[in-house]
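In what follows, a single structure is set out as structure tokens and then discussed.
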Amino acid sequence: MTRSIRNLVIVLGDQLDAGSAAFDGFDPAQDAVAMAEVREETDYVPQHKARIVLFLAAMRHFRDDLCGKGIDVRYTALDDPANRGSHRAEFARLARQAKPERLIVCEPGDWRVLENLRALADDLSLPLDVVPDRHFLCSTDDFAAFAEGRRGFVMETFYRWNRGRLGLLMDGRDPVGGRWNFDTENRKSFGRDGPGHIKAPRRFTPDDTTAEVVRLVDRLFPDAPGRSDLFDLPVTRAQALAALRDFVEHRLEGFGRYQDAMATGHPYLYHARLSTALNLHLIHPREVVDAAIAAYEAGGAPIESVEGFVRQIVGWREFVRGVYWREMPSYAERNALSADLPMPRFMWTGETDMNCARQSVGQLVDHAYAHHIQRLMVLGLHALLLGVRPLDVHRWHISMYADAVDWVSLPNTLGMSQHADGGLVGTKPYCASGAYISRMSDYCRGCRFDPRKAEGEDACPFTTLYWDFLARHRGRFHDNQRMTMQIRNLDRRDGGEVAAIRRRADALKSDFTKESYP
Ligand code: FAD
Ligand code: SF4
């Protein structure tokens with residue numbers, strides 16, 4: 001005889017935490033869990049094989065953990081012939097079998113998914129409880145309270161507010177170390193000798209469950225971008241904790257100083273590589289910042305590194321999530337700079353003469369990872385200067401990065417990187433010429449282009465497109481105080497020279513966008 005179910009708890013692929021609010025009051029005798037691998041999620045943009053492997057492998061490990069605790073998990077595999085292919089249809093099928101009195105889900109990380117689940121509850125005429133996501137340090141209500149009554153809000157203000165109220169790295173009302181910001185000590189490049197030896201992040205060799213997923217993905221998605229054979233990301237909570245320990249022990253110390261540096265052959269440098277574990281909820285942001293602060297207190301890492309790291313999580317990560325839920329769904333449509341070109345094909349393949357882009361996309365293809373400065377100041381910068389449709393940049397991002405989830409990718413790509421929200425996430429566009437990349441990396445040394453040149457056969461495309469970008473948007477930015485120097489430098493240039501640069505930029509635009517993907 002099938003038992004009747006009280007609550008059916010829907011667990012999505014980025015909600016893999018048995019301590020989530022969706023499990024509050026969970027009674028294995030009366031309640032059950034529904035999880036589904038659906039083609040809707042793997043196909044809504046073409047996806048990197050490693051990204052699909054990550055989600056499915058982590059979901060299957062989580063399912064096995066729950067089953068080990070005696071929990072009834074209704075799980076649909078991607079290749080199950082009964083699988084209806086979308087959250088709405090597949091959870092409806094599972095719910096019709098389970099006949100629960102109520103559906104429960106933790107706040108999803110994607111507006112589209114939340115809408116689908118609401119539609120599902122309507123289809124089934126069942127109540128749906130959407131419970132708060134405790135995997136953030138600032139709830140959507142807290143963020144609304146912070147934003148209320150402010151004419152504009154910038155990340156720095158939010159960061160100080162959030163850090164202060166959480167009492168993180170605080171000495172009473174003052175920041176530890178006497179300053180909120182150690183940027184002047186940070187942002188160094190490596191110089192001619194390069195970074196030297198930095199211990200690479202710990203790798204997690206696929207176990208049987210993950211290896212089976214790799215085979216499934218190779219079989220079902222032979223033409224998907226990226227590689228699955230190098231997959232080594234953490235897919236369980238135990239692995240995520242091991243990855244955190246590894247970062248704190250071996251890389252946190254240099255994190256701040258070299259936060260903005262790039263180097264050939266070093267995909268991770270001093271970065272944490274914890275974003276996938278955080279975004280799938282295998283590990284809590286509080287655990288991550290507490291571990292970094294404990295290292296500082298034990299003398300294992302300097303304040304500028306620990307503050308820089310805490311800022312990324314307590315500041316940026318929480319801020320973009322607040323912006324996402326406050327501004328959606330219209331946020332996704334914003335295009336303040338009227339950018340209308342498609343994403344160039346090399347962004348998926350790495351086939352380009354531009355060494356900085358070739359190195360960065362090469363890493364993406366291998367590991368579904370590029371660090372922040374490669375995202376912002378190489379690949380995002382190229383799309384910004386070229387004038388790619390911001391939503392396409394976001395969709396490409398979702399397709400190529402293992403850590404991309406709507407709430408975090410959209411404000412970072414459309415807002416921070418493409419300035420398409422008109423200045424909500426960042427008060428000025430992150431625009432720069434090849435000179436910036438040359439200063440912060442060794443890429444230009446191995447490139448056929450010259451970062452100082454905007455014209456001629458060996459002109460750096462970034463430099464040409466940079467001046468074109470400034471000229472194109474001069475009217476919008478000339479009274480932005482943070483852009484004064486850049487606009488002044490443009491105005492110093494000879495008019496005929498600028499016209500020639502712009503002609504070259506037009507040729508580059510048609511060349512870069514003559515082939516797109518898929
Ligand atoms: P580290 O550099 O070591 O930083 C530590 C942690 O801080 C990260 O794990 C992450 O959780 C957090 N963090 C740092 N910066 C940000 C930020 N701007 N927003 C949110 N969290 C931040 N991060 C994602 O998790 N998913 C995305 O889809 C994503 N898209 C991005 C798109 C663009 C264009 C840019 C510029 C940044 C994006 N980021 C995104 C933020 C950041 O680049 C990644 O979190 C980081 O590179 C992940 O690698 P890491 O764990 O080694 O991070
Ligand atoms: Fe990139 Fe230009 Fe430097 Fe080449 S010269 S690596 S294209 S910034």
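For this chain, numbers begin at 1 and follow the sequence in order. Atoms within a ligand are numbered from 1 in the order they appear, just like the ligands themselves. Values below: all heavy atoms of this structure, side chains included; hydrogens, waters and symmetry mates excluded.
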Fill in the blank from the handout: Ranked by distance from atom 16 (C) of ligand 1, the top protein heavy atom is Trp316 CB, 3.9 Å
Problem - Test: Asp246 and Arg251 ion pair at under 4.0 Å - result: yes
Exercise for the section: With Arg345 as the cation and Trp348 as the aromatic partner, state whether NZ or CZ is under 6.0 Å from the six-membered ring centre and within 45° of the axis. Expected result: no
Exercise for the section: Answer yes or no as to whether an N/O/S atom of Cys460 is found below 2.8 Å from atom 2 (Fe) of ligand 2. Expected result: yes
Exercise for the section: Please tell me if the side chains of His382 and Phe512 come closer than 4.5 Å, counting only heavy atoms from C-beta onward. Expected result: yes
Problem - Side-chain heavy-atom pair Glu307, Tyr296 within 4.5 angstrom cut-off - result: no
Practice task
For atom 40 (C) of ligand 1, find the nearest protein heavy atom and state the residue, atom name and distance (0.1 Å precision).
Solution key: Arg375 NH1, 3.4 Å
Practice task
Please state whether Pro451 comes within less than 4.0 angstrom of ligand 2, counting heavy atoms only.
Solution key: yes
Completion exercise
Honestly, for Asn412 the part within reach of ligand 1 (heavy atoms, under 4.0 Å) is both
Exercise for the section: Give the residue and atom name of whichever protein heavy atom lies nearest to atom 15 (N) of ligand 1, and the separation in Å to one decimal. Expected result: Gln312 OE1, 3.3 Å
Problem - ligand 1 versus Phe255: contacting region, heavy-atom distance under 4.0 Å - result: side chain
Handout entry: Closest approach of any protein heavy atom to atom 4 (Fe) of ligand 2, naming residue and atom
Key = Cys447 SG, 2.3 Å
Handout entry: Shortest protein heavy-atom distance from atom 30 (N) of ligand 1, along with the residue and atom involved
Key = His397 CE1, 2.9 Å
Exercise for the section: Check whether any N or O atom of Ser275, backbone or side chain, sits under 3.5 Å from an N or O atom of ligand 1, and answer yes or no. Expected result: yes
Exercise for the section: For Val408, counting its heavy atoms only, list the atoms of ligand 1 lying under 4.0 Å from any of them. Expected result: 20 (C), 23 (N), 24 (C), 25 (O), 26 (N), 27 (C), 28 (O), 40 (C)
Problem - Residues Arg179, Glu185: salt bridge by 4.0 Å N-O rule - result: yes
Practice task
Looking only at non-hydrogen atoms, find the nearest pair between Arg448 and Asp458 and report the distance.
Solution key: O-CB, 3.8 Å
Practice task
Return the residue, atom name and 0.1 Å-rounded distance of the protein heavy atom closest to atom 1 (Fe) of ligand 2.
Solution key: Cys356 SG, 2.4 Å
Handout entry: Salt bridge flag under 4.0 Å for residues Asp183 and Arg311
Key = no
Practice task
Answer with yes or no after comparing the ring centroid distance for His419 and Phe477 against a 6.0 Å cut-off, counting only values under it.
Solution key: yes
Exercise for the section: Would you mind finding which of Leu274, Leu410, Val320, Thr276 brings a heavy atom closest to atom 51 (O) of ligand 1? Expected result: Leu274
Handout entry: Shortest protein contact, atom 5 (S) of ligand 2 (heavy atom only)
Key = Phe449 O, 3.5 Å
Problem - Ser417 neighbourhood, listing ligand 1 atoms whose heavy-atom distance to it stays under 4.0 Å - result: 34 (C)
Practice task
Please determine if Asp260 and Arg439 form a salt bridge, counting it only when a charged side-chain N lies under 4.0 Å from a carboxylate O.
Solution key: no
Handout entry: Within reach of ligand 1, part of Tyr268 (heavy-atom separation under 4.0 Å)
Key = neither
Practice task
Answer yes or no: are there more than 12 heavy-atom neighbours, outside Arg452 itself, under 6.0 Å from its atom CZ?
Solution key: no
Completion exercise
atom 3 (Fe) of ligand 2 sits nearest the protein heavy atom Cys444 SG, 2.3 Å
Handout entry: Nearest-neighbour protein heavy atom for atom 2 (O) of ligand 1, which is reported as residue plus atom name and distance
Key = His271 ND1, 2.7 Å
Fill in the blank from the handout: So for Asn279 against ligand 1, with non-hydrogen atoms under 4.0 Å, the contacting part is side chain
Exercise for the section: May I ask you to say whether Arg134 pairs ionically with Asp17, meaning some side-chain N is under 4.0 Å from a carboxylate O? Expected result: no
